[in-house]
Each structure stands twice: as structure tokens, then as C-alpha cells.
Amino acid sequence: MSAAPLYRRIYDVVRRIPRGRVATYGQVAAYAGRCTPRQAGYAMAALRDDDVPWHRVINSRGRISFPENSRGAGQQRLLLEEEGVVFGHDGRIDLKKYGWQET
DNA sequence: ATGTTGACCGACT
DNA sequence: GAGTCGGCCAACA
């Protein structure tokens, strides 16, 4: 496991996020271990595998962190709403409610 | 090897 | 609330 690239560990954590829940980059980094939130974001940027529910990863403010130029920006919100995640009037997600808990 | 960058975070103004 | 700054550390030129 530890021999696997850092990206692999991060993606593995993201796959564990249940449907209808969201996790922050810092959270993913913490579960992946020996990783900073920045690396989690960097890993997502290089992601091209649809097997990873990348749309369930958001920033600590509960907002979608994504360059608006990219086509995936609107898609992330769409996918989340499809899973039952409700956005606030300011395009925010209530982490208190939808945040991923280890359980 | 050195320097820049980044789907971030937290603290501060 | 919004804007700025430093820290973090792997990936890249």
C-alpha cells in the first residue's frame, strides 16, 4: 500500500465516500495519511478516472472549488444534487449535515 | 540540483 | 462578509 503512489492512496479514500455525502480536501488528505490538503487537490486535478467520485470532494468552506473555466464545474453540482445533496442560496453545502463522517 | 505552481487551509485584517 | 498572507509538500519545467 505504502508503495503505491500518493495519488493512488488519495483516490482510494475518495472511493470510500458514501453516496449523498461530501468530504473536504483536508479530510481526504488526513485519511490518506502523509498528505497535505494541497496534494489532495493536485491529485484531483490530474484525475481522469471516472471510477473515482471526485465530485464528492469539496473545500473546507463547503463550496465547490473548481476553475469555472472547466466544464466539470457545473457537472459537480449536478452530480451532487442528483445524490440528494442540497445547496444553499449561496451555492454552499452544509458540511454539518452532508459532511462525511467516519462512522 | 533549484524554482514555480497548485480543484487547499487557517489565521488575520 | 471579502481580501491577503504564510505554510504545506508533491509534481513539473
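Proteins get letters first, then strands, A, B, ... in listed order; numbering begins at 1 in each.
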The side chain of A:Ser60 is closest to which nucleotide in this list: B:dC9, B:dG6, B:dA7?
B:dC9

How long is the gap from CD on A:Gln27 to CD1 on A:Ile58, to the nearest 0.5 Å?
9.5 Å

Hey, what do you get for CD (A:Glu81) to NE2 (A:His55), rounding to the nearest 0.5 Å?
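So the gap between those two atoms works out to 12.0 Å.
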
Could you say whether A:Tyr42 or A:Pro37 is positioned toward the 5' end of DNA chain B, judged by the nucleotide with the nearest heavy atom to each?
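Whichever sits nearer the 5' end wins; that is A:Tyr42.
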
Nearest heavy atom decides the nucleotide; on that basis, is A:Gly26 or A:Gln39 closer to the 5' end of DNA chain B?
A:Gln39

Take the protein atom CZ of A:Arg63 and the nucleotide atom C1' of B:dC9, then report the distance between them rounded to whole Å.
16 Å

Quick check on the hydrophobic clustering: are A:Leu78 and A:Val86 connected, directly or via other members, by side-chain heavy-atom contacts under 4.5 Å?
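Each belongs to a different hydrophobic cluster.
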
Under 4.0 Å from any heavy atom of chain A: name the first and the last nucleotide of DNA chain C that qualifies, 5' to 3'.
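Contact boundaries, 5' end first: C:dG1 to C:dC12.
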
CA sep, side-chain torsions, deciding dist, call: A:Val13, A:Trp100, side chain to side chain contact (heavy atoms under 4.5 Å, CB included):
CA-CA 11 Å; A:Val13 172; A:Trp100 177 35; 4.1 Å; yes

Indicate, with a heavy-atom threshold strictly under 4.0 Å, whether A:Arg92 touches base, sugar-phosphate, or nothing.
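Sugar-phosphate only.
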
Regarding A:Glu83 and A:Arg21, does a basic nitrogen lie under 4.0 Å from an acidic carboxylate oxygen?
no

Where is the tightest heavy-atom contact between A:Arg15 and A:Pro53, given as atom of each residue plus distance?
CA-CD, 3.9 Å

